[in-house]
Amino acid sequence: MLDSAFFEQTFWGNTVRAYCLFGGILLTGLIFKTIVSKLLSKLLFKLFQRFSQQSHDDTFVALLLNPIEIFILFSTFYLSINQLKHPLEVTVFHFNKLIGKVKVAIPVTIGECIDRIFLFLIILSVFWIFLRIIDFISHVLMYRASLTESKSDDQLVPFLKELLKTIVVFIGFFTLLGFVFEVNVLTLITGLGIGGIAIALAAKESLENLLGSFTIFLDKPFTVGDLVKVDGVEGTVEKVGFRSTLIRTSEKTMATIPNKGMIDGVLENMSLRNFRRVKFSFGITYETNVETIKKIVDEIRIYIHDHADTSDDGNAYFEGFGDSSLNIEVIYFVSITAYNDYLAVKQEINFKIMEIVMQNKSDFAYPTQRLISDKPANSATGEKEVGNDATD
């Protein structure tokens, strides 16, 4: 049997009891950290179970498992090392601290230095847990938003997630300054003076973009999934962030536009239009007579007017005389706004126009030249027509 005298024996400045406590706490923490972290995760989930409605416990545990394990690990090291006191009392440097108006050099030992390091790591792990809880809440809200028809909530949830995370990071930063580095945070904030003005000026663009994001959510000029065009960039809105908006362009690239630019520039929300306009002209040959031109124009106008996917104000006109063609202008509006379906309707009408021109014994024009010669020609007019392969 080991008596109490054995545990009171001292080696390298520490008793056997202190070494046993050090090893016991460290070993217990390393063995049970995974089990305890899972248990704590499930207990924390009980607080959010009614909020989540559906079963999201696996997601919650997966998000919080690592940060809670890290928290337990750092706490275990901190508690175990604090059982060894005497070898840690060696002064390693002096910490200058302002007491009143006098700056005092306070000696800092190895033990105090280790305490500050572990306190720093423990606070980081605690705020990491808060960030993961925000991730879980946003996960549940995004799931709920996906069940609704409105796109506003799909746009709002990622923004609120970034906003809350930013606030938590700022609180964590000042907490570290106050508890680890013993900085008077209130004095620091109020004493910024000219430095605060410089920081405010440097953050001017960020504040403008932040206000721009609030304007987007209040006015709702667009939502996630809308097809927009701003500053020459056209694409689908994928995300409205804390500082910028992400747009997936038609070339499948990702364009990042500051929120200030989204509200200051001219923005076209093409998803809100009820028609897509089509306007083009084509040329037929000069050999086409007047009656045929009238018939072609009338048939195109009637076909467009009767088409199920066009508006009633579509039309066709004999527009004018070109260098090598008689030009006909076509204008109509497609009621289908989905891009691929719109292209299909446009293609169908183009094919029909080609059929109408061919059925009326006309043809599409291309640039030609006429060569007039004094030599006899096969035609009665004495003119020789030479085709030119050049195109517009």
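Source: prediction; values computed, not measured.
The aromatic rings of F170 and F174 sit parallel to each other, their planes meeting at less than 30°, with 60° as the upper class boundary. Below 30°, between 30° and 60°, or above 60°: for F118 and Y78 the angle between ring planes is between 30° and 60°, a tilted geometry.
Counting only distance, with no hydrogens or angles, the side chain of R132 and the backbone of L63 share a donor-acceptor pair below 3.5 Å. Within the 3.5 Å criterion, the main-chain N or O of M270 finds a donor-acceptor partner in the side chain of R273. One N or O on the side chain of T310 and one on the backbone of I304 form a donor-acceptor pair closer than 3.5 Å. When atom types are taken as modelled, the side chain of R248 and the backbone of G235 share no donor-acceptor pair closer than 3.5 angstrom. S271 contributes a side-chain N or O that, together with a main-chain N or O of L227, makes up a donor-acceptor pair within less than 3.5 Å. Side chain of T28 to main chain of I25: no donor-acceptor pair is present (N/O by atom type, distance under 3.5 Å, no hydrogens or angles). No donor-acceptor pair closer than 3.5 Å links the side chain of D226 to the backbone N or O of N269. Remark: the backbone N or O of T34 is paired with a side-chain donor or acceptor of S37 at under 3.5 angstrom. A distance-only check finds no donor-acceptor pair linking the side chain of D231 to the backbone of V233 [under 3.5 Å]. Formation of a donor-acceptor pair under 3.5 Å by the R301 side chain with backbone atoms of A316 is found in this model.
Taking the side chain as every heavy atom from C-beta outward, V237 and T223 never approach each other to under 4.5 Å. Residues V345 and D341 have side chains not in contact (no heavy-atom distance under 4.5 Å, counting atoms from C-beta outward). Considering only heavy atoms from C-beta on, T245 comes within 4.5 Å of F222 through its side chain. E268 places none of its side-chain heavy atoms less than 4.5 Å from the side chain of V230. Residues M358 and D363 form a side-chain contact, since some pair of their non-hydrogen atoms from C-beta on lies under 4.5 Å apart. For the pair V330 and Y332, the minimum side-chain heavy-atom distance is below 4.5 Å. You'll find the side chain of P158 reaches within 4.5 Å of the side chain of M142, heavy atoms only. Here the side chains of N315 and I331 are not in contact, with every heavy-atom distance at 4.5 Å or above.
Scanning both residues, S125 and P67, for their nearest heavy atoms gives CB-O, 4.3 Å. S41 approaches F60 most closely through the heavy-atom pair O-CE2, 3.1 Å. For the pair S335 and A308, the tightest heavy-atom approach, listed with the atom from each and the gap, is OG-O, 4.4 Å. The shortest non-hydrogen separation linking L30 to K33 is O-CG, 3.8 Å. The two residues I257 and M262 come nearest to each other via the heavy atoms CG2-SD, 3.6 Å. Scanning all heavy atoms of the two residues, the minimum distance from S324 to A365 falls at O-CB, 3.4 Å.
Annotation: the span from L73 atom CG to I122 atom CD1 amounts to 10.0 Å, rounded to 0.5 Å. Summarising the geometry, atom CZ belonging to F120 is positioned 15.0 Å from atom CG belonging to D115; distances are rounded to the nearest 0.5 Å. Here the CD1 atom belonging to I129 is positioned 5.0 Å from the CD1 atom belonging to I68, to the nearest 0.5 angstrom. To the nearest 0.5 angstrom, K260 atom NZ is 12.5 Å from R243 atom CZ. Atom CG of L246 and atom OG1 of T256 lie 5.0 Å apart (nearest 0.5 Å). Here the straight-line distance linking atom CD1 of I293 with atom CD1 of I284 works out to 4.5 Å at 0.5 Å rounding.
No single ILVMFWY cluster, assembled from side-chain heavy atoms under 4.5 Å apart, contains both L21 and F77. Linking Ile, Leu, Val, Met, Phe, Trp and Tyr whenever their side-chain heavy atoms come within less than 4.5 Å puts I134 and F127 in one cluster. Cluster membership check: L119 shares its hydrophobic cluster with F74, using side-chain heavy-atom separations under 4.5 Å among Ile, Leu, Val, Met, Phe, Trp and Tyr. F275 and V334 end up in different hydrophobic clusters when Ile, Leu, Val, Met, Phe, Trp and Tyr side chains are linked at under 4.5 Å. Linking Ile, Leu, Val, Met, Phe, Trp and Tyr residues whenever their side-chain heavy atoms come within less than 4.5 Å leaves L156 and L211 in two separate clusters.
Heavy-atom neighbours of K165 NZ from other residues, nucleotides or ligands within 6.0 Å: above the threshold of 12. Annotation for M254: atom CE counts as buried by contact number, over 12 foreign heavy atoms lying within 6.0 Å. Annotation: F333, atom CZ; neighbour count of heavy atoms from other residues, nucleotides and ligands within 6.0 Å is above 12.
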- Task: Before giving the answer on side-chain contact (heavy atoms from CB on, under 4.5 Å), spell out for V278 and Y342 the whole-Å C-alpha distance, their side-chain angles and the decisive distance to 0.1 Å.
- Result: CA-CA 10 Å; V278 179; Y342 151 76; 3.6 Å; yes
- Message: Using the rule given for side-chain contact (heavy atoms from CB on, under 4.5 Å), can you reason through I247 versus T236, listing the C-alpha separation, both sets of side-chain angles and the distance that settles it, and then say yes or no?
- Response: CA-CA 5 Å; I247 295 178; T236 304; 5.9 Å; no
- Message: I'd like to know whether N360 forms a side chain to side chain donor-acceptor pair (under 3.5 Å) with S362, so could you lay out the CA-CA distance, the side-chain angles of the two residues, the decisive distance to 0.1 Å, and finally the verdict.
- Response: CA-CA 6 Å; N360 285 279; S362 183; over 6 Å; no
- Task: Go through I296 and V357 one step at a time and tell me if the side-chain contact (heavy atoms from CB on, under 4.5 Å) criterion holds.
- Result: CA-CA 6 Å; I296 291 173; V357 173; 4.2 Å; yes
- Run the numbers on W128 and L124 for side-chain contact (heavy atoms from CB on, under 4.5 Å), then give the verdict. CA-CA 6 Å; W128 187 11; L124 278 183; over 6 Å; no
- Task: Could you please spell out the steps behind the salt bridge (Lys or Arg N to Asp or Glu O under 4.0 Å) verdict for K294 and E299?
- Result: CA-CA 9 Å; K294 289 181 179 179; E299 289 183 10; over 6 Å; no
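No salt bridge links K295 with D298; every basic N to acidic carboxylate O contact stays at or beyond 4.0 Å. Looking at E162 and K239, a side-chain N of the basic residue comes within less than 4.0 Å of a carboxylate O on the acidic one, giving a salt bridge.
Take F280 and apply the ring-ring contact (aromatic ring centres under 6.0 Å, His included) test, not counting sequence neighbours, and it matches no residue. Every residue two or more places apart in sequence or in another chain that forms a ring-ring contact (aromatic ring centres under 6.0 Å, His included) with F364 is listed here: F282. I302 meets the side chain to side chain contact (heavy atoms under 4.5 Å, CB included) test with D306; sequence neighbours excluded. Residues forming a ring-ring contact (aromatic ring centres under 6.0 Å, His included) with F217 (at least two apart in sequence, or on another chain): F159. In terms of the ring-ring contact (aromatic ring centres under 6.0 Å, His included) criterion, residue partners of F321 (sequence neighbours excluded) are, by chain and number, F318.
Under the 3.5 Å distance criterion, with hydrogens and angles disregarded, a donor-acceptor pair is assigned to the side chains of T249 and T253. N327 and S325 share a side-chain donor-acceptor pair at under 3.5 Å. Between the side chains of S138 and D135, not a single donor N or O lies within less than 3.5 Å of an accepting N or O.
Within the structure, ring pair (Phe, Tyr, Trp, His ring centres under 6.0 Å) contacts touching residues 286-317 (residues at least two apart or in different chains) are Y303-H307.
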